[in-house]
Amino acid sequence: MGLDFTVVPDYFGMLLLGMGWTVAITISAGLLSFFGGILFAVIALYGHWALRLPFRAFAFLFMGTPLLLQLFLIYFGLIQIGIDLPAFVAGVIGLGLHFAVYNSELIQASILAVDKGQYEGARTLGLSRGQTLRRIVIPQAVRAVIPPMGNNMIALLKDSALVSVIGVAELTLAAQQAISRTYRPFEFYLAAAFCYYIINLALEAGLRRLERRIAASR
Amino acid sequence: MTDQAFVTIKNAAKSFGALQVLKDINLTVERGQIVAIIGPSGSGKSTLLRAINELDPLTSGEVWLEGVQVNKTLPHRQYEAHVNQVRQDIGMVFQHFNLFPHLTVRGNITLAPRMLKGLSEDEANKLAEEQLAKVGLAEKIDEYPSRLSGGQKQRVAIARALAMKPKVMLFDEATSALDPELVEEVNLVMKQLAEEHMTMIIVTHEMDFAASVCDRVLFMDQGVVVEEGPPSVIFENPQEERTRNFLRKHLSR
């Protein structure tokens with residue numbers, strides 16, 4: 001049986017919808033991982049030990065175990081203790097927290113690398129520790145990690161395929177559904193791969209624009 | 001306890017572990033006075049300057065500004081609030097400028113007045129324009145610091161400090177990091193402040209500048225004030241051997 005790509009256009013709408021969900025998950029989880037990463041970095045560096053120690057355990061859990069397992073735990077596991085999350089929400093939380101922990105590592109290192117003179121400049125004007133952190137240190141630390149954090153976002157986009165297993169109708173699951181009707185895995189997986197590639201190009205273009213925009217302010 | 005003088009430092013001492021960097025220093029500065037602190041590196045002159053605004057708190061001794069003790073002993077939270085308050089009255093200019101690279105010149109100048117003094121955006125913008133005009137950089141208001149020369153950066157840093165309307169300005173080797181041809185533009189701004197009778201304490205390596213601008217010169221070595229007096233005496237007729245040695249090395253360059 002030869003390859004026949006003519007069936008793909010028939011499922012164009014289905015794939016497009018899947019792409020939409022993939023983009024929605026990536027953006028939602030990306031934002032969660034960005035702001036969560038900043039929050040986790042601040043907790044890890046400046047938090048009270050009663051907050052810091054549980055956080056370390058939590059970070060270890062997220063970095064040391066498979067993302068797939070984490071998604072199962074959040075989606076299927078939490079139901080047992082009465083937390084019944086929609087699949088999309090569970091997927092965003094799982095992906096978002098997972099990458100927040102990775103982003104937090106980057107931001108922590110970047111906060112520590114901010115020049116001591118920046119603290120002195122701000123404190124001398126009368127800014128408090130908190131104000132200095134919020135207005136001077138964190139904005140600079142975040143700007144400095146935009147490029148490596150961008151790599152995490154691309155990894156997040158690719159790993160978003162994992163949420164298909166908890167039933168979110170994103171691109172990979174859409175392709176599987178098309179395959180189950182047409183029995184044409186090669187064509188549809190390849191079509192899905194192409195769609196991921198398109199999203200990736202857009203994401204990278206966006207990141208490059210962002211990097212250019214912040215170049216002067218570093 | 002209040003003092004007549006504007007800035008008073010009493011029995012100031014500071015140690016880093018076993019190393020004593022300041023030993024029983026006393027200094028009074030009157031309103032409008034300009035005092036230069038000179039001395040070899042490691043003499044404690046920057047540490048003394050940084051003690052005035054609690055960047056490097058003293059181990060013992062007192063710092064007063066206009067009847068308010070800067071280095072009060074207070075419980076942690078109250079101490080923080082107190083220090084944040086008094087620092088608004090003490091402008092500081094650093095060797096390496098310490099401008100905020102993620103903010104434009106305007107942002108650098110308006111940040112603290114807006115956050116701490118509650119200025120509206122319009123008021124803060126007007127203030128930034130005034131202060132920049134004063135240092136001759138009105139046209140740079142929307143540039144980022146990375147686009148400025150060293151001399152321009154330092155002038156913006158001075159404008160940023162002045163925007164808080166400080167009672168005293170501290171200069172910590174403000175021209176040491178600059179290329180020689182950029183020193184003069186910063187010196188000019190400092191001279192202009194002197195003409196406006198801003199109270200200033202200046203740590204410097206530039207003897208010519210100290211001699212031409214300052215009312216009084218302190219020579220420090222190994223954590224003590226070896227000699228102090230008007231520039232005419234310190235530079236032309238120093239009484240102490242250590243002062244003479246230092247000046248010989250410095251003026252022959």
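Values reported hereafter were calculated over all heavy atoms of this structure, with side chains retained and with hydrogens, waters and symmetry mates removed. As the structure is a prediction and not an experimental result, all values here were calculated from the model. Within every chain, numbering begins at 1; the chains are lettered A, B, ... in the order of the sequence lines, protein sequences first and strands thereafter.
Considering CG of B:Leu55 and NZ of A:Lys116, their distance stands at 8.5 Å, rounded to 0.5 Å. Taking CZ of B:Arg77 as the reference point, atom OG of A:Ser128 lies at 11.0 Å (rounded to 0.5 Å).
The side chain to side chain contact (heavy atoms under 4.5 Å, CB included) with A:Leu125 is formed by just one residue from the set B:Arg160, B:Arg87, B:Gln88, B:Met115; it is B:Arg160.
The local environment of CZ in A:Arg56 is sparse, with at most 12 non-hydrogen atoms from other residues, nucleotides or ligands closer than 6.0 Å. Around atom CD of A:Gln80, no more than 12 heavy atoms belonging to other residues, nucleotides or ligands sit under 6.0 Å away. At most 12 heavy atoms of other shown residues, nucleotides or ligands fall within 6.0 angstrom of atom OH in A:Tyr197. Within a 6.0 Å radius of CZ in A:Phe194, other residues, nucleotides and ligands contribute 12 heavy atoms or fewer. Within a 6.0 Å sphere centred on CZ of A:Phe12, heavy atoms belonging to other residues, nucleotides or ligands number 12 at most. Within a 6.0 Å sphere centred on CZ of A:Arg135, heavy atoms belonging to other residues, nucleotides or ligands number 12 at most. With a 6.0 Å radius and a threshold of 12 heavy atoms from other residues, nucleotides or ligands, A:Phe76 has its CZ atom above the threshold.
In terms of heavy-atom pairs under 4.5 angstrom with chain A, the leader among B:Glu80, B:His96, B:Glu54 is B:Glu80. Ranking B:Ala161, B:Ala112, B:Ala157 against chain A, the residue ahead of the rest is B:Ala112, based on heavy-atom pairs under 4.5 Å. Between chain A and the residues B:Leu111, B:Leu103, B:Val93, the largest count of heavy-atom pairs under 4.5 Å involves B:Leu111. Between chain A and the residues B:Leu99, B:Val83, B:Val86, the largest count of heavy-atom pairs under 4.5 Å involves B:Leu99.
Inspection of the B:Asn84 and A:Arg123 side chains reveals an N or O donor paired with an N or O acceptor under 3.5 Å.
A 4.5 Å side-chain heavy-atom check between B:Pro101 and A:Arg143 finds every atom pair outside the cut-off.
Only the side chain of B:Phe94 comes within less than 4.5 Å of a heavy atom of chain A; its backbone N, CA, C and O stay farther away. For a residue to count as touching a neighbouring chain, one of its non-hydrogen atoms must lie under 4.5 Å from one of that chain's; by this rule B:Ile90 touches chain A with the backbone only. Looking at B:Met92, both its backbone and its side chain come within 4.5 Å of chain A, counting heavy atoms on both sides.
Side chain of B:Asn98 to backbone of A:Gly117: a donor-acceptor contact under 3.5 angstrom is found.
What you find for A:Gly121 and B:Phe100 is that their closest heavy atoms are C-CZ, 4.0 Å.
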Between A:Thr124 and B:Leu170, is a side chain to side chain contact (heavy atoms under 4.5 Å, CB included) present by the stated rule, with each step listed?
-> CA-CA 10 Å; A:Thr124 298; B:Leu170 312 177; over 6 Å; no
